[in-house]
Amino acid sequence: MRITNNMMMREYLGNLNTNLTNMTDYQQKVATGKSINSLSDDPIGLISVMNCNAKLGKNAEYESTVDSALAWLEQTDTSVYQLNQVLQSSYETLVEVANGDLSESDKSSAAEYIAQLRDQVLTIANGQNSNNYMFGGYNVDNKPFTVDSNGDILYNGLDLTDETNPDLIKADSQAITYQIGSGITMEVSITGTELLGTGDTNAYTVLDNLYNALTSDASAEELGGYISSLQNCQSNVLSIESKVGGMVNQLELLKNRYEDEDLTYKELKSNVGNVDIAEAYTNYVMADTVYNAALKVGTQIIQASILDYLK
Amino acid sequence: MKNLRPTAAWWTGRCRVTSMAGIFYGLEIARRGLAVSQSAITLTGNNVANANTEGYTRQRLVVESIYSDATSRFSGGVQIGGGAEVTGIEQIRSAYIDKQLRGQYSTLGQWNTRSEEMEFIESILDETADTGTLSAALSDFYEGLSNLTTQPDSEEVRTNLQQNAIKLCEKMNYYYSQLVDLQDSYNDSMSATVDNINDLLTGIANYNEEIYAYEAGGQQANELRDRRNTMLDELSQLVDITYSEDSDGKLSVSVGGTTLVSHTDVTCLSAVADQTGEVSGQPDYYSIYLEGTSTELTYSSGELQAYRDLRDGNSVDDIGVPYLLSNLNTLAQSLAKEFNAVHEKGYTIPYGSGTSETGVDFFEVPAGGYDDVTAGNLSLSDEVLENVYNIAASGLTVDLNASDTQKGNNEIALELYALTSSTTLDTVGNYESYLKSFVVQVGISSASAQDTADSQTTIVDNLETRKESISGVSIDEEMINLISYQYAYSAASRVLSAIDEALDKLINGTGRVGL
């Protein structure tokens, strides 16, 4: 083939341009630390990166929900434990009163103690987690439990002893639900109706009746009848405690799983989307060397012509 | 021998020697030799001067030896030729490679333009960044919804959700307006390209006229042909042309089977703003007609085609701005439709003297319904913009004065949040997957445009190298030619001297015996 000076020049310029393009490419990769700097760099790799981003985003949401649920349930657990303690104390006091021949003053101080414990039940049942009432169902901003002028306990304004009231039955189903995973939901709140029970056997009413019995000088037999009522209340609370414990376990497992997944996705994303700096830098240095060599050879080729040898 | 002085006609004529033979015949041959070498040196100068001129084709002197007729014979019938003369100057080029190149130029023009523009589109839809992308905005919106499920009564959480939703709308609006601007600019580019084509068509017709007139005198119009060829090269990058030159040297150029230049007659193109932008509905989009007619120009490659594809392409195998817009619109419509359908079921938290409302939209519904939602006009409803408590997270009426306020009711918040991971949404399936596949399509389309442009560049480079190999000026070659022409000139001069000396001897030194 006949070679002209322009051909050499064009070829040389074209090659220099290729070298420079390579250098810019490597330089960009080293500078950004990313191997995908535009959509067309690696569309398939981009799918992986975007998948990982979506997964990581969803996981972050679930993790934050799980954290809220854990905070909520840990506070619930404390309250339920306290409630159990209160019922245990009531039970012990009752057993003492029912068995022994207590003096009148001892009886009345026992009655006062029961009244205190009864009020504690109310305080515990109106417990809050970061300004939200825990046991009110969807009613998070008003005290769920109140006592009316007759001394009857009301849950969200409804008579707790009226167990057949459809509104009360509906309120029982209004536990707060969180979505803690893809397709996984969990009722993270214990409703007040579940905590204390409904009807006359609810913890507050049992203690209230017991207090009334004590102050009205009830017979030992009558008092003995409250023992089983209190045991029932306690076993209800215990079952709630173990349910909450189970939920906390499940949430912690989920949390660990999300953290593990985060690591996996971050690694995957990094494998596809991040530059191996050592490799990119080596490539850059090689491209730089080639570029410099091309420049050196180029200047020699371009300078030479027959004119150098004509006198 | 009378009449030694040649006549004027004898000196200047290109006619052959008529009756001269003998020693003066040699003088004439030497003179011609000098003239040929001198022309060759001048032409070498011209080639060297144009070594870097765009479109210049190297020229070569056509030299022929002169046949001598009978009268110039020496006694005894021996015949010597009449020296040499220049009969023309020819260009060294391959019309075949020219034709091949022009076929490839239009493909190159199309794909170069497309790949450059696709790269620009990529820089707008840059979803590879970690922040500031549409996927990031979508993800932040999801996070806001997730927080709403755990704290439906928190003003802070609601404000965060409202702001993230605004950000999502604004990002969609931004993409939309940027893409519409691009579509407008492609439309403008089409009209500018048409102007460019018209200039070239007119220019070619003008050169046709000049070349024809010049060559009627029997000379090759080399430089004019170079310029016309350069124009044909330029034109072939803009639009796919076919051209032919008839035996009279009359050139015609056609596009899509329509003859636009026929020797000196030109049919120009006109860009008429008689349609609206695909998908965007922007006004004043151009159709290209043959000037003064209602016949649309048909063409299939070149830069003009690249701009039309980018302006009008609305399918996955022909990705242009409308395809991107309609994808974004689908996403926007689905967001508005699905979120509103759930949100309308919910109840707001009363504020001020208001009551808990239901049937409230989350995203604004235009007067024409959801079909009128575009990525360009997606926005939050006035209610949600006015107050964050108008976000309906509750499944039941919220009454702040009741014993059971229902302020912590998150039933609707949960349903809204469930949309974020749903895979059965109408048309889009899942928002994130839809966005992802759309973005990846753009990436693949751009990568394939770059690949095509690259391989087309290789083909064109190869052809241009072949063309340069044939037509380019080689300085080395010209210098070597120069040396041989110089020697030839010297040698012709030497012949002249030799004859001169011989004549001197003959005239001044002969017949003087005894003087």
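Quick note on labels: first sequence line is chain A, next is B, and so on, each numbered from 1.
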Give the member of B:Gly443, B:Ala51, B:Ala447, B:Ser469 that has the highest number of heavy-atom pairs under 4.5 Å with chain A. B:Ser469
Comparing B:Ile475, B:Ile483, B:Leu138 against chain A, the one with the most heavy-atom pairs below 4.5 Å turns out to be B:Ile475
Beyond-backbone contact of A:Met247 with A:Val188, side-chain heavy atoms, under 4.5 angstrom: no
For A:Gln28, does the CD atom sit with more than 12 other heavy atoms under 6.0 Å from it, leaving out its own atoms? yes
Interchain contact, B:Arg466 with chain A, by part (heavy-atom threshold 4.5 Å): both
Among A:Ser64, A:Pro43, A:Gly157, who wins on heavy-atom pairs under 4.5 Å with chain B? A:Pro43
Counting N and O atoms only, with roles assigned by atom type, does the side chain of B:Ser146 sit under 3.5 Å from a partner on the main chain of B:Tyr142, one being a donor and the other an acceptor? no
Under a 4.5 Å heavy-atom cut-off, does chain A meet the side chain of B:Glu432, its backbone, both or neither? side chain
Minimum heavy-atom separation for A:Arg2 and B:Ser474, please, with both atom names. NH2-N, 3.6 Å
Using non-hydrogen atoms and a 4.5 Å limit, figure out which bit of B:Ile470 sits close to chain A: side chain, backbone, both or neither. backbone
Can you establish whether the number of heavy atoms outside B:Lys467 located under 6.0 Å from its atom NZ is more than 12? yes
Within the structure provided, determine whether A:Lys170 and B:Leu396 are in side-chain contact (heavy-atom separation under 4.5 Å). yes
With side chains defined as the heavy atoms from C-beta onward, is the minimum distance between B:Thr358 and B:Tyr347 less than 4.5 Å? yes
Against chain B, work out which of A:Ile176, A:Asp141, A:Asn142 has the most heavy-atom pairs shorter than 4.5 Å and name it. A:Asp141
For a side chain to side chain contact (heavy atoms under 4.5 Å, CB included) check, start with the C-alpha distance between A:Val66 and A:Tyr258, then their side-chain angles and the critical distance, and finish with the verdict. CA-CA 10 Å; A:Val66 165; A:Tyr258 292 144; 4.0 Å; yes
Of A:Asn131, A:Ile47, A:Leu307, the largest count of non-hydrogen pairs under 4.5 angstrom with chain B goes to A:Ile47
Looking only at B:Ser446, B:Ser445, B:Gly472, the option with the highest number of non-hydrogen pairs under 4.5 Å against chain A is B:Gly472
Out of B:Glu127, B:Glu119, B:Gln441, B:Glu411, return the one with the most heavy atom pairs under 4.5 angstrom to chain A. B:Glu411
Test item: B:Asn430 side-chain N/O and B:Ser422 main-chain N/O as donor-acceptor pair under 3.5 Å: yes
Counting a contact as any heavy-atom pair under 4.5 Å apart, which residues of residues 148-156 of chain B contact chain A? B:Thr149, B:Thr150, B:Asp153
Is it the case that more than 12 heavy atoms not belonging to A:Lys58 sit under 6.0 Å from its NZ atom? yes
So for B:Ser437, is it side chain, backbone, both, or neither that comes closer than 4.5 Å to the heavy atoms of chain A? neither
Output the option from A:Leu154, A:Ile3, A:Asn51, A:Thr146 having the highest count of non-hydrogen pairs under 4.5 Å with chain B. A:Asn51
Answer with side chain, backbone, both or neither: which region of B:Asp140 has an atom nearer than 4.5 Å to a non-hydrogen atom of chain A? neither
Heavy-atom neighbours of B:Lys167 NZ exceed 12 at 6.0 Å: yes
Near B:Arg60 CZ, under 6.0 Å, is it more than 12 heavy atoms from other residues, nucleotides or ligands? no
Is it the side chain or the backbone of A:Ser182 that comes within 4.5 Å of chain B heavy atoms, both, or neither? neither
Identify, with sequence neighbours excluded, every residue that meets side chain to side chain contact (heavy atoms under 4.5 Å, CB included) alongside B:Gln486. none
Portion of B:Ala402 that has a non-hydrogen atom of chain A nearer than 4.5 angstrom: backbone
Approximate separation, where rounding is to 0.5 Å, of B:Ile121 CD1 and B:Leu179 CG: 6.5 Å
Max heavy-atom pairs within cutoff under 4.5 Å with chain B, candidates A:Asn37, A:Val49, A:Asn53, goes to A:Asn37
Of the backbone (N, CA, C, O) and the side chain (C-beta and beyond), which part of B:Ser135 lies under 4.5 Å from a heavy atom of chain A, both, or neither? side chain
With a 4.5 angstrom heavy-atom cut-off, is it the side chain or the backbone of B:Val473 that approaches chain A, or both, or neither? backbone
I need the B:Tyr56 OH to B:Arg93 CZ distance, nearest 0.5 Å. 11.5 Å
